[in-house]
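Order of the sequence lines sets the chain letters (A, B, ...), proteins ahead of strands, with each chain counted from 1. When reading the values below, keep in mind they use all heavy atoms of this one structure, side chains included, and skip hydrogens, waters and symmetry mates. Quantities reported herein were computed from a predicted structural model and do not represent experimental measurements.
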Amino acid sequence: MEQPVQTETWKARSLEELVRILHQIFAEDKVSVEEVQALMESYETNPEEWLKYAKFDQYRYTRNLVDSGNGKFNLMILCWGEGHGSSIHDHTDSHCFMKILQGNLKETLFEWPEKKGNGEMTKKSERVLRENQCAYINDSIGLHRVENISHTETAVSLHLYSPPFDTCNTFDQRTGHKHKVTMTFYSQYGERTVC
Amino acid sequence: LPAGLSQWFPALEVLDVSGTGLTEMGAELLSLPCLHTLLAKNNRLGGPGSLPKGLGQAPLARSLRVLNLSGNRFADVPPMLLRLRGLRSLSLGGNRLHSIPPDIQELCSLEFLYLGGNFITSIPPELAKLPSLKYLVLCDNKIQSIPPQLAQLHSLRSLSLHNNLLTYLPREILNLVHLEELSLRGNPLVVRFVRDLTYNPPSLQELAGRTVKTRNVPYAPSDLPETLVRYLSLASNCPNPKCGGVYFDSCVRQIKFVDFCGKYRLPLMHYLCSPECSSPFSSASQSSTSQSESDSEDEASVAAHRMQKVLLG
């Protein structure tokens, strides 16, 4: 993505429309981060539209593919049970947009560890994202951990990654050591993926 | 709860009264024979009368499968709750619990137990007597240690311990064969090898007991006072595979690091019968770190097979 020549102000009135506009935007050579973030924020969450993708797992958060963006992006819905959280991870040189559809998610930003890091990773900041808010991150900004810190409410988030990726690195907060992992989908297009 | 509930809805299976400001749930619950799911989160329950008297005798005691009382004001687990013998899933997340009652073992059908976000400081070993427990959440509490007996939870698939006060784990945790998820972040886990600092020399009773056990000195209950017979039965085997020794109260605590799946190094607490009881290397002037690493090789390969996902960082 490069700096845009002109940016539109979109309003997605439904999830379907959001997907349609995303296809339109990503068909261009140049896509603006601000444009995509504004578009994602403009969609007002409506559970009726995404409930079929929101499949929860008892033990950990799930990734449910909604749209594969003609290979340009992946749009997915993540479902977080009470107390579920991710490891600290990077984004494999891709752009990552995260919009809250239900509940709240805490995002903690970390600095990249030193090359031969052997100390506690440095926390940069943390914030709690509310319904309809959309956050953005990429590897040059840093690493993050996302978690549902509520013990009573579940959370649902809409993620857009461009270009799509299925491996990333997870980091041990105490040592900065990284480990490559492959991510899988719990469901695709509303159908449970059998592993 | 409205009076007459069971008359209007005698076949009620799922009742959700979350977020209604309830301070107590009364006898109206007792005559709902089909109720299997009761959701009462985010209320003001916790005082006396939160649960109706006679709960243990009601059909509910056998029929209720799911109970969610998260986000209330429970300072202890009401004893009445432990009569729900059919319960599969219990959530008391986000309450004010300071402890878990040992009688929790009475919930023999329990598969899912959520106790995150309380003020719990310790875990009773009786928790390990829940044979079907698959998912145990203890995150966001004040827990300082895990009883080794928890390794008896052979159905456990997921254990959430993040944001507590743990400095090490019992080595028995390696025995949890089906454990796939383990979260430990936000604990002050020791990162460097810790040499045991205090070792109280064994008492004469302990030395005698060790000899009886390791030399297989025969004895019968008629030979010894009952207290000593019981004492001898409490002998623990030294976990050092190269030592056949036993210990009673006097042991060396040693933290060793075990690599999980080659990814993370977890500090595990080992109890050894004496400071001399280690690998054959101990007599040489081997540095303590390399000794711990060589000993942990065997355990690491075992652990690699068993633990698949350890969420540490």
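- When all heavy atoms of A:N148 and A:W80 are compared, the pair lying nearest together is ND2-O, 3.4 Å.
- In this structure, chain A has a heavy atom under 4.5 Å from the side chain of B:D140, while its backbone stays farther away.
- A salt bridge links A:E153 with B:K41: the closest approach of a Lys/Arg side-chain nitrogen to an acidic carboxylate oxygen falls below 4.0 angstrom.
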(request) Show your working on ring pair (Phe, Tyr, Trp, His ring centres under 6.0 Å) between A:H89 and A:F171 and close with a plain yes or no. (result) CA-CA 6 Å; A:H89 57 274; A:F171 295 78; 9.0 Å; no
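- In terms of heavy-atom pairs under 4.5 angstrom with chain A, the leader among B:S91, B:G117, B:G93, B:C139 is B:G117.
- Contact of B:Y135 with chain A is made through backbone and side chain together, with heavy-atom distances under 4.5 Å.
- If you tally non-hydrogen atom pairs under 4.5 Å between each of B:G116, B:S18, B:G94, B:G71 and chain A, the highest count goes to B:G116.
- Rounding to the nearest 0.5 angstrom, the gap separating the CD1 atom in B:I104 from the NZ atom in B:K129 is 13.0 Å.
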